[in-house]
Amino acid sequence: MRAHVMVAEDDADQAELVRRYLEHEGHEVTLAHDGRSALDLLRGRRPDLLVLDVMMPRVDGLDVCRVIRAEPRLAHLPVLMLTARSSEDDLLLGLDLGADDYMTKPFSPRELMARVRSLLRRSDRGPDAAADREARNAVLRAGPVTVDRVRHEVWAYGRVIRCTPGEFRLLDMLVEHAGQVLSRTQILERLHGSDPFITLRTVDVHVMNLRRKIKDVRPGPQDVSPLVTVYGVGYKLTDTPHDQQAHPYG
C-alpha cells in the first residue's frame with residue numbers, strides 16, 4: 001500500500017537518500033529540514049509515518065515529538081526517530097516522549113525500509129491491514145479498560161486516554177490476554193520483533209507511561225493500578241470485578 005511518509009532531517013544528502021529509498025518502495029515523501037517546518041507541514045497534511053531526526057535546527061526532534069503527542073490530531077502518528085546518540089538513556093528518552101522506533105546513525109537504508117514497513121503494518125497502514133481488522137474483534141474490554149482497534153481509541157474508567165502507537169499496541173496486547181502474566185521478553189518481541197537495539201527497559205517505560213495516564217482518570221484510590229507488575233516475571237492487566245467501571249460501549 002502506498003503511504004505518505006514525512007522525513008524531517010536537516011542533512012540534505014541524508015534526507016535525499018531516505019527519500020529515494022522510500023519512493024522506490026512506492027511511497028509519497030515530504031521533506032522537512034528543520035523542526036518548525038516539520039510541525040507546520042504535519043499540521044497541514046498529516047502523513048502516515050514520520051521519520052524524525054533528533055538533531056535539527058530551530059526545533060529539535062525531541063521537542064517535535066513532544067508537540068505532536070500533545071496534539072489530538074497528531075497523537076497517533078507513528079514516529080521513527082533517527083539520531084547519532086546511541087546510549088540507552090537517549091533511547092529511553094525518545095520512547096518516553098512517544099517515539100515508536102529508534103535507529104542510530106549511521107544506519108542501513110535497507111534496515112530503515114524494513115522498519116518503515118513494520119511500523120506501517122502495525123499502524124494499520126500496510127497492505128494486509130484491512131484483512132487483519134476484519135479478522136480481529138474490533139472492541140476488547142478488560143477490567144476498567146476498553147480498546148477499540150478500529151477507532152484506535154482507549155478508554156479507562158469511562159474516559160478516553162491518549163496513547164502513543166507503542167502504548168496502544170502494548171495495552172491492546174495486555175487487554176487481549178487479560179489476567180495472564182506476559183513476560184517483558186514476550187511483550188518486547190510483540191512490539192518490536194527481534195530488534196537488537198531495543199531493550200527490555202523499553203517495556204518498562206511504556207508501562208510507566210500507561211500507569212500514569214490511567215491514574216489521571218481513575219476515580220477513588222490512586223495507589224492501585226490495573227496494570228500489575230509480577231516481580232521476576234512481567235506484567236498483567238487485571239480484570240477482576242472490583243475494577244469494573246462503566247464502559248463507553250455499554
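This structure is a prediction, so every number in the text was calculated from the model and none was measured.
Smallest separation of non-hydrogen atoms from P226 and R218: CD-NH1, 4.2 Å. Summarising the geometry of L171 relative to V154, their closest heavy-atom pair is CD2-CG1, 3.4 Å, with the distance given to 0.1 Å. Heavy atoms only, all atoms of each residue included: M173 and I187 are closest at CE-CA, 3.8 Å. Contact detail for L52 and M56: the closest heavy-atom pair is CD1-CE, 3.6 Å. Shortest non-hydrogen contact noted between L74 and R69 is O-NH1, 3.8 Å. Between C163 and F168 the shortest heavy-atom distance is CB-N, 4.0 Å.
By the neighbour-count criterion of 12 heavy atoms within 6.0 Å, atom CZ of R110 is sparsely surrounded, having that number or fewer from other residues, nucleotides or ligands. Few gaps surround CE on M103; more than 12 heavy atoms of other groups in view lie less than 6.0 Å from it. Heavy atoms of other residues, nucleotides or ligands lying less than 6.0 angstrom from CZ of R36 number 12 at most.
When side chains are defined from C-beta on, K215 does not count as touching S225, because their heavy atoms never get closer than 4.5 Å. Looking at heavy atoms from C-beta onward, Q180 lies out of side-chain contact with K236 at the 4.5 angstrom threshold. Side-chain atoms of L80 and R115, non-hydrogen and from C-beta on, do get closer than 4.5 Å to each other. Using a 4.5 Å heavy-atom cutoff, the side chains of V207 and R184 are not in contact.
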### Task
Mind running salt bridge (Lys or Arg N to Asp or Glu O under 4.0 Å) on R46 and E71 for me, showing each step along the way?
CA-CA 12 Å; R46 204 204 85 172; E71 296 191 9; over 6 Å; no

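Counting only distance, with no hydrogens or angles, the side chain of R2 and the backbone of H27 share no donor-acceptor pair below 3.5 Å. Using a distance-only test at 3.5 Å, with no hydrogens or angles considered, a donor-acceptor pair links the side chain of D48 to the main chain of H4. Looking at R66, its side chain never comes within 3.5 Å of a backbone N or O of L97 through a donor-acceptor pair. Side chain of D100 to backbone of V79: a donor-acceptor contact under 3.5 angstrom is found.
Under a 4.0 Å N-O distance rule, the pair D216/K213 does not qualify as a salt bridge.
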